[in-house]
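Let me begin by presenting the structure, written as structure tokens, before commenting on it.
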Amino acid sequence: MERTLVLIKPDAMQRGLAGEIIARLERRGLRIVAMRMLHMDEALARQHYAAHEGKAFFPGLLQFITSSPIIAAVFEGKNAVEIARQSMGATNPAQAAPGTIRGDLSIDTGRNLVHGSDSLEAAEKEIRLFFQEGEIFSYERSIDPWVFE
């Protein structure tokens, strides 16, 4: 089983799309194993988006992601990283396939509703930014599906 981080960004929260996004990922077979609503501060945003520092869009990205609450969630399932990213669609909503979250619900690259880890390595790093291990449920380690790790 893989785990991946999904962030439901401020634009999705402002438009009331969090439930729709979560439902689409669950319908693909992914399970929520951790979730929290938070207002990302600049320090966390800089850590999370460190790979983009120095790029022209970075200041606007920081301003956007810290502008209102987000939902951070860990989804678990077979091929979770790939399934989540396929479900989200291309980063540029104009190139995202119909039926994907971005293809159906977004029209602007800078306001594309969701973030998903792009690799297993990134997922592990990103999950640690938002959650401690004891905050993540485990379905694999027990018959009881609600046992904390």
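Numbers here simply count residues along the sequence, with the first being 1.
Among the candidates Glu126, His115, Met35, Met88, the single residue satisfying the side-chain contact (heavy atoms from CB on, under 4.5 Å) test with Val6 is Met88.
In this structure, His52 NE2 and Phe58 CZ are separated by 8.5 Å, a value rounded to the nearest 0.5 Å. Annotation: the span from Ile83 atom CD1 to Thr4 atom OG1 amounts to 11.0 Å, rounded to 0.5 Å. Taken from NZ in Lys9 to OG in Ser106, the straight-line distance is 8.5 Å, to the nearest 0.5 Å. In this structure, CE in Met40 is found 13.0 Å from CZ in Arg46, a value given to the nearest 0.5 Å.
Between Arg85 and Asp118, the closest heavy-atom pair is CD-CA, 3.6 Å. Taking every heavy atom of both residues into account, Ala45 and Ile65 meet most closely at CB-CG2, 3.6 Å. Summarising the geometry of Gly77 relative to Leu30, their closest heavy-atom pair is CA-CD2, 4.0 Å, with the distance given to 0.1 Å. Considering all non-hydrogen atoms of both residues, Val81 and Ser117 come closest at CG1-O, 3.5 Å. The two residues Pro10 and Phe64 have their closest heavy-atom pair at CG-O, 3.3 Å. Residues Ser68 and Gln14 share a closest heavy-atom pair of OG-NE2, 3.1 Å.
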Exercise. How far apart are the C-alpha atoms of Ile70 and Ile8, what are their side-chain angles, what is the distance that settles it, and do they pass the side-chain contact (heavy atoms from CB on, under 4.5 Å) test?
Worked result: CA-CA 6 Å; Ile70 65 165; Ile8 300 174; 5.9 Å; no
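Hydrophobic clustering of Ile, Leu, Val, Met, Phe, Trp and Tyr side chains at less than 4.5 Å, counting indirect connections, unites Leu38 with Leu62. Ile107 and Val114 are not part of a single hydrophobic cluster, where members link through side-chain heavy atoms under 4.5 Å apart. The cluster map of Ile, Leu, Val, Met, Phe, Trp and Tyr, joined by side-chain heavy atoms under 4.5 Å apart, puts Leu7 and Leu61 in the same cluster. The hydrophobic clustering, which links ILVMFWY residues whose side-chain heavy atoms are closer than 4.5 Å, places Leu120 and Val74 apart.
The pair Glu124-Arg3 fails the salt-bridge criterion, with no side-chain N (NZ, NE, NH1 or NH2) lying under 4.0 Å from an Asp/Glu carboxylate O. Between Lys78 and Glu2, no side-chain nitrogen of the basic residue sits less than 4.0 Å from a carboxylate oxygen of the acidic one, so the salt-bridge criterion is not met. Under the 4.0 Å criterion applied to side-chain N and carboxylate O atoms, Glu20 and Arg24 are assigned as salt-bridge partners.
In this structure, Arg102 contributes its side chain and Gly89 its backbone to a donor-acceptor pair below 3.5 Å. A distance-only check finds a donor-acceptor pair linking the side chain of Arg36 to the backbone of Phe130 [under 3.5 Å]. Asn112 places a side-chain N or O within donor-acceptor distance of the main-chain N or O of Thr91, the cut-off being under 3.5 Å. Looking only at distances, a side-chain donor or acceptor of Asp11 sits under 3.5 Å from a matching main-chain atom of Leu113.
Counting only heavy atoms from C-beta outward, the side chains of Phe137 and Ile32 never approach each other to under 4.5 Å. Ile21 is not listed as a side-chain neighbour of Ile71, based on a closest heavy-atom distance of 4.5 Å or more. With contacts defined as side-chain heavy-atom distances shorter than 4.5 Å, the pair Asp108/Pro93 does not qualify. Here the side chains of Arg15 and Arg111 are not in contact, with every heavy-atom distance at 4.5 Å or above. In this structure, the side chains of Thr66 and Asp41 stay at 4.5 Å or more apart for every pair of heavy atoms. Looking at His48 and Leu5, their side chains come closer than 4.5 Å, going by heavy atoms from C-beta outward.
Residues passing the side-chain hydrogen bond (donor to acceptor under 3.5 Å, both in side chains) test with Gln63, sequence neighbours excluded: none.
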